[in-house]
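Down below is the structure, laid out as structure tokens.
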Amino acid sequence: MAPQTRRLAFPKVVIERDSDTEQSSSDDEGQKEEEGEGPLSESESEEEGKENGFEEKSEENFDAKKKGKAPITISLKKVCKVCKKAGHEAGFKGATYIDCPMKPCFLCKMPGHTTMSCPHRVAIEHGVTPAPHRNTRNALEYVFERQLRPRMPLIKPAYVIPDEVNCAVIRYHSRRVTCLEFHPTTNNILLSGDKKGHVGVWDFCKVSEKMVYGNIHSCIVNNMRFNPTNDGAVYAASSDGTISCTDLETGIALSLMNLNPDGWQGPNKWRMLYGMDINQEKGVVLVADNFGFLYLSGKDQILFFRPPQQIALSIWVDIRTNSKSGEAILIHKKGSKVVGLHCNPIQPELLLSCGNDHFARIWDMRRLEAGSSLYNLPHKRVVNSAYFSPLSGSKILTTSQDNRLRIWDSIFGNLESPSREIVHSHDFNRHLTPFRAEWDPKDPSESLAVVGRYISENYNGAALHPIDFIDVSTGQLVAEVMDPNITTISPVNKLHPRDDVLASGSSRSIFIWRPKAKSEVGEQKDERKIIVCGRAEKKQKFGDQSDDSDDDTCKMKGKNIKSKKSRSKLTPNNLKRKR
DNA sequence: AGCAGATGGATCC
DNA sequence: TGGATCCCCTCTGC
């Protein structure tokens with residue numbers, strides 16, 4: 001499928017919504033008239049009509065009102081489940097979610113309109129605040145222009161979008177997937193961490209070769225990184241307060257650090273590890289906790305480690321030459337979670353952190369002390385992730401819970417305000433893994449990012465949550481990929497470092513996406529396989545897909561398909577995008 | 001099938 | 001600073 005923009009998709013949604021709304025409101029009227037609640041339902045329809053901008057409808061209702069029915073003061077009329085007021089209802093109408101008009105827009109957070117009419121929902125640019133015009137440059141930027149710019153291509157190559165599910169493991173994990181990581185050298189190996197602390201290793205070409213190690217952590221795996229000098233070992237940071245180093249062959253995990261050596265001493269004492277990255281140059285694992293502190297640990301310390309001994313805090317390796325060893329460094333507001341750490345791919349001295357104090361911060365590794373950050377990048381709400389661009393390391397992409405992606409085009413330029421803010425729905429429900437927009441590591445122009453979408457869209461009667469590909473240099477929605485069988489939200493997405501492959505984690509399942517064109521032209525005749533885990537594990541091979549899928553459409557039409565029934569409908573024939 | 005629970009963040013007081 | 005309360009598209013297990 002060619003990359004599809006919102007502009008193409010949106011009119012379809014409008015049509016669905018119109019008929020849905022009209023139909024459901026007239027249904028309501030009919031039903032309530034029987035119940036003797038005519039006038040109330042009329043006023044309800046009227047408000048709904050206004051909300052959607054249908055003047056004719058209001059007139060019709062006015063006519064109906066003139067015909068006259070006695071007003072009733074006591075009723076069992078439904079109230080809005082959001083604001084508890086009568087006169088309107090919020091929630092799903094079929095597969096379309098109707099916002100409560102009393103609340104600010106759920107998407108852009110501005111008052112005066114709802115998500116349905118939000119300009120950011122219909123704009124092809126997806127709601128971009130353009131970069132302020134800059135005519136000042138600092139000396140570093142000239143260095144950037146001279147040294148890095150020549151390596152970047154002048155003409156942006158066409159994006160290749162992995163937009164079709166190629167294989168999947170359904171209910172692979174026993175809890176929701178929290179992070180994914182591709183093997184750095186073996187193309188087909190995908191690692192996944194889950195909320196329970198398990199780590200999965202899956203060969204998605206052989207598909208059935210999969211393993212879940214359940215003995216590594218006791219709760220959420222927040223981040224994983226491969227050992228840059230030994231790709232058979234992976235580090236993981238967990239909310240159990242430990243960093244593990246796991247041998248992928250054996251599954252034997254060694255604990256590199258334990259911040260809760262005395263066990264559970266109450267929620268105020270329990271330390272959880274979130275952000276993690278590895279600085280290859282300096283040979284250290286950087287990890288940050290839920291109290292605002294950064295810890296540095298020798299990456300190769302593991303070589304001297306014997307389980308089940310746990311390394312005490314005092315033997316952390318401190319790479320700083322002029323400060324005390326073994327000290328945690330406060331890098332974000334005390335008591336706030338530091339959810340992301342990223343080392344600059346080009347400048348090993350630069351570290352980027354982000355957290356719940358609404359800031360992303362840039363640090364010089366040579367001067368890591370509380371309050372000594374080089375720059376603080378403010379956000380309106382919690383920052384879920386912050387990444388340097390993968391090739392030049394000169395851009396920054398952040399995901400904040402204020403439903404905005406922010407892009408700084410050059411860390412050498414003016415960092416006072418982001419170059420762009422892109423409105424995007426990822427303000428998540430608390431029981432989801434936080435959304436993190438991630439760069440495409442293969443894009444030489446460093447402009448393509450992938451991020452899951454929280455809010456659903458009505459696709460042929462099904463409420464689906466697409467995975468968005470966004471050109472962060474323009475804010476344009478390059479593609480939204482979805483599959484009728486994936487009705488759950490996909491907050492975790494990872495693009496392959498070399499292949500045109502997307503891995504996404506949705507609830508307990510993992511999906512591998514490849515470009516549809518490839519299998520169509522037979523360049524790479526992949527067998528699409530789905531493995532369903534569970535009580536009776538069965539293997540399904542995707543058969544030929546017939547175009548006649550109206551049956552499924554009808555089944556899904558007009559209801560929110562987030563039900564167990566529809567979730568279990570994962571069959572070869574209905575795994576087909578209906579647009 | 002229906003419901004509780006998970007332990008998240010914003011906001012108000 | 002801390003407790004209470006609310007929440008909007010979850011998902012699972014009992």
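Predicted model, so just to flag it, every value in this text is computed and none were measured. So you know, we letter chains A, B, ... as the sequences are listed, proteins then strands, and number each from 1.
- For C:dT12, one of the phosphate oxygens OP1 or OP2 lies less than 4.0 angstrom from a side-chain nitrogen or oxygen of A:S507.
- Residues that satisfy the side-chain contact (heavy atoms from CB on, under 4.5 Å) test with A:N215, not counting sequence neighbours, are A:Y213.
- Evaluation of A:F106 against the base of C:dC8 yields a stacking contact (centre distance < 5.5 Å, interplanar angle < 30°).
- No engagement by A:K195 is indicated, since no non-hydrogen atom pair under 4.0 Å with the nucleic acid exists.
- Stacking between A:H431 and B:dA6 is present: the aromatic ring centre lies within less than 5.5 angstrom of the base six-membered ring centre, and the two planes differ by under 30 degrees.
- Taking 4.0 Å as the cut-off between side-chain N and carboxylate O, A:K516 and A:D163 do not count as a salt-bridged pair.
- For A:V199, the side-chain contact (heavy atoms from CB on, under 4.5 Å) partners two or more places apart in sequence, or in a different chain, are A:I216, A:V221, A:M224.
- Contact annotation: A:R508 side-chain N/O to C:dT12 OP1/OP2 distance is under 4.0 Å.
- Comparing A:I455 and A:S174 against DNA chain C, the residue whose closest nucleotide sits nearer the 5' end is A:I455.
- The salt bridge (Lys or Arg N to Asp or Glu O under 4.0 Å) search around A:K494 returns A:E181, A:E438, not counting sequence neighbours.
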If you restrict it to nitrogen or oxygen atoms, what contacts under 3.5 Å exist between nucleotides 10-13 of chain B and the protein, and what is each distance?
from, atom 1, to, atom 2, distance (Å)
B:dA10, OP1, A:H358, NE2, 3.2

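- Mapping A:S506 and A:R430 onto DNA chain C via the closest heavy atom, the residue that lands nearer the 5' end is A:R430.
- Comparing the P positions of C:dC14 and B:dT7 gives a spacing of 16 Å, expressed to the nearest Å.
- Remark: A:R175 is in phosphate contact with C:dG13, judged by side-chain N or O atoms under 4.0 Å from OP1 or OP2.
- For A:S456, the listed nucleotide lying nearest its side chain is C:dC9; candidates were C:dT10, C:dC9, C:dC8.
- With sequence neighbours excluded, the residues forming a side-chain contact (heavy atoms from CB on, under 4.5 Å) with A:F291 are A:R271, A:D289, A:F293, listed by chain and number.
- With sequence neighbours excluded, no residue forms a salt bridge (Lys or Arg N to Asp or Glu O under 4.0 Å) with A:D194.
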